[in-house]
Amino acid sequence: MSKALVIAIDGPSGTGKSSVSKAVASRLGVSFLDTGAMYRALAWSCVDAQIDLGDADAVAEHCRTFDLRMGMNPKSPTVAVGERPIDAEIRQDAVTSVVSQVATNLDVRANLKQRQRDLIAQGAEATGGCVAEGRDITTVVAPDAPVRILMTASEEARMARRSKQLKVAVASTRSQIVDRDRADSTVSQFTTAADGVVTIDTSHIDFRQSVAAVLRVVQEVLDGDPELSTSAG
Ligand SMILES: Nc1ncnc2c1ncn2[C@@H]1O[C@H](COP(=O)(O)OP(=O)(O)OP(=O)(O)O)[C@@H](O)[C@H]1O
Ligand SMILES: Nc1ccn([C@H]2C[C@H](O)[C@@H](COP(=O)(O)O)O2)c(=O)n1
């Protein structure tokens with residue numbers, strides 16, 4: 001029987017993890033899981049339920065029971081709480097500026113870690129593989145994944161990308177990129193590669209080259225392990 005092709009990708013904010021992971025999953029015909037979207041969904045849901053984000057126990061309790069639904073088709077990934085789609089809501093500033101508060105809650109992390117493992121297994125079962133990206137996928141959520149990659153890029157490149165993406169001044173992206181990474185790095189280590197994790201520095205390459213670089217790493221692993229396969233061959 002063939003083994004599931006789980007591809008774990010971590011890295012700081014603005015390195016291109018989400019967009020590159022989505023493109024890689026599409027190319028390989030496998031599932032895609034944006035784990036940051038899960039933390040964002042929880043932050044949105046807490047605010048919607050008027051839960052004080054400073055109340056760690058209340059946030060953790062809400063996390064245990066909220067009905068998070070992740071759609072893992074890389075061509076149209078979705079996020080919903082119950083029947084309510086919240087894809088746009090979780091990208092708004094109001095969520096981005098508070099999401100670290102829930103992401104640094106250790107009870108929340110334990111709950112979402114288990115959900116992420118279940119989703120990766122379901123996604124891989126459905127399509128033969130799953131590209132999962134975040135901050136702790138290579139180290140905590142899927143440390144045994146056959147492919148583990150850390151995407152990095154200089155602070156300058158990451159701020160410039162976010163500025164272009166959001167059509168705002170470069171300086172105004174600092175809180176989203178640098179300050180958020182500082183807060184998030186108190187609970188996850190995503191700036192240097194753990195043992196066995198391949199680093200891809202995207203500072204001086206474009207989006208297509210980043211996708212190609214990830215696909216090259218995947219191909220090397222596939223070539224070395226005949227039990228792994230993808231629908232893309
Ligand atoms: N190698 C690259 N060169 C230039 N731009 C890139 C590159 N990779 C991605 N981008 C662009 O940078 C922007 C940020 O990418 P993306 O949202 O995927 O980053 P991220 O690492 O997932 O960030 P976050 O963790 O904050 O969600 C996107 O507009 C994307 O198209
Ligand atoms: N595995 C993960 C994924 C994300 N986070 C944190 C980092 C951010 O503060 C937040 C949203 O992530 P983004 O959508 O910006 O990638 O969630 C984490 O701690 N662990």
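The chain is numbered in sequence order, starting from 1. Values reported hereafter were calculated over all heavy atoms of this structure, with side chains retained and with hydrogens, waters and symmetry mates removed. Whatever order the structure lists ligands and atoms in, that order sets their numbers, starting from 1.
- Polar contact check, K17 against ligand 2: no nitrogen or oxygen pair lies under 3.5 Å apart.
- For ligand 2 and S100, the ligand atoms under 4.0 Å from any heavy atom of the residue are 9 (O).
- Residues I149 and T138 have side chains not in contact (no heavy-atom distance under 4.5 Å, counting atoms from C-beta outward).
- A distance of 8.5 Å separates CE of M70 from CD of Q116, quoted to the nearest 0.5 Å.
- Numbered from 1 in the order shown, with element, the atoms of ligand 1 that lie under 4.0 Å from a heavy atom of Q165 read 13 (C), 14 (C), 17 (O), 28 (C), 29 (O).
- Ligand 1 places these atoms under 4.0 Å from at least one heavy atom of S19: 9 (C), 15 (O), 16 (P), 18 (O), 30 (C), 31 (O).
- Q176 contributes atom CD, which lies 7.0 Å from atom OG of S13 (distance to the nearest 0.5 angstrom).
- Between I7 atom CD1 and L33 atom CG the span is 13.0 Å, to the nearest 0.5 Å.
- In terms of polar-atom proximity, S210 is counted as a contact of ligand 1, with an N or O under 3.5 Å from an N or O of the ligand.
- Ion pair E83/R69 flagged as a salt bridge, since at least one NZ, NE, NH1 or NH2 atom sits closer than 4.0 Å to an Asp/Glu carboxylate oxygen.
- Taking CG of D201 as the reference point, atom OG1 of T152 lies at 4.0 Å (rounded to 0.5 Å).
- A salt bridge is defined here as a Lys NZ or Arg NE, NH1 or NH2 lying under 4.0 Å from an Asp or Glu carboxylate O, and R162 with D181 fails to meet this definition.
- Using a 4.5 Å cut-off on side-chain heavy atoms (C-beta onward), L42 and V81 make no contact.
- Under the 4.0 angstrom criterion for non-hydrogen atoms, G36 is not in contact with ligand 1.
- Every atom of ligand 1 is numbered from 1 in the order shown, and the set under 4.0 Å from a heavy atom of I205 is 1 (N), 2 (C), 3 (N).
- Pairs passing the salt bridge (charged side-chain N to carboxylate O under 4.0 Å, His left out) check and including a residue from residues 167-180, sequence neighbours excluded, read E155-R174, D179-R182.
- Between T35 and ligand 2, a contact under 3.5 Å exists for at least one N or O pair.
- For atom 4 (C) of ligand 1, the candidate residues are R91, R208, R161; the nearest heavy-atom contact is made by R161.
- Taking a 4.0 Å cut-off on heavy atoms, R180 registers as neighbouring ligand 1.
- Within 6.0 Å of atom CG in D206, more than 12 heavy atoms from other residues, nucleotides or ligands are found, so the atom counts as buried in its surroundings.
- The closest non-hydrogen atom to atom 6 (C) of ligand 2, taken over S185, A103, A183, comes from A103.
- Around atom CZ of R208, no more than 12 heavy atoms belonging to other residues, nucleotides or ligands sit under 6.0 Å away.
- Atom numbering of ligand 1 starts at 1 in the shown order; those under 4.0 Å from a heavy atom of R162 are 14 (C), 17 (O), 23 (O), 24 (P), 26 (O), 27 (O).
- Looking at D136 next to ligand 2, an N or O pair under 3.5 Å apart turns up.
- Each of the atoms 9 (O), 10 (C) of ligand 2 lies under 4.0 Å from some heavy atom of V99.
- Interface atoms of ligand 1 facing T15, defined by a heavy-atom separation under 4.0 Å, are 21 (O).
- Polar contact with ligand 2: present for R135 (N/O pair, distance under 3.5 Å).
- The protein atom (non-hydrogen) at minimum distance from atom 23 (O) of ligand 1 is G14 N, 3.0 Å.
- At least one N or O atom of R180, backbone or side chain, sits closer than 3.5 Å to an N or O atom of ligand 2.
- The shortest N/O to N/O separation between S18 and ligand 1 falls below 3.5 Å.
- Considering only non-hydrogen protein atoms, atom 25 (O) of ligand 1 sits nearest to K17 NZ, 2.6 Å.
- Proximity of M151 to ligand 1 is not established, as no heavy-atom distance is less than 4.0 Å.
- Polar contact with ligand 2: present for R109 (N/O pair, distance under 3.5 Å).
- Heavy atoms of R135 come nearer than 4.0 angstrom to ligand 1 in at least one pair.
- For ligand 1, the atoms lying closer than 4.0 Å to a non-hydrogen atom of P12 are 21 (O).
- Checking V102, I177, D184 against atom 8 (C) of ligand 2, the nearest heavy atom belongs to D184.
- Contact annotation for R40 and ligand 2: only side-chain heavy atoms (C-beta onward) come within less than 4.0 Å of the ligand.
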* Could you walk me through whether V99 and I90 pass side chain to side chain contact (heavy atoms under 4.5 Å, CB included), step by step? => CA-CA 9 Å; V99 63; I90 63 169; over 6 Å; no
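- Remark: the backbone N or O of F190 is not paired with any side-chain donor or acceptor of R135 at under 3.5 angstrom.
- T173 and S163 form no side-chain donor-acceptor contact under 3.5 Å, judged by distance and modelled atom types alone.
- Taking OG of S175 as the start and CE of M159 as the end, the distance is 9.0 Å to the nearest 0.5 Å.
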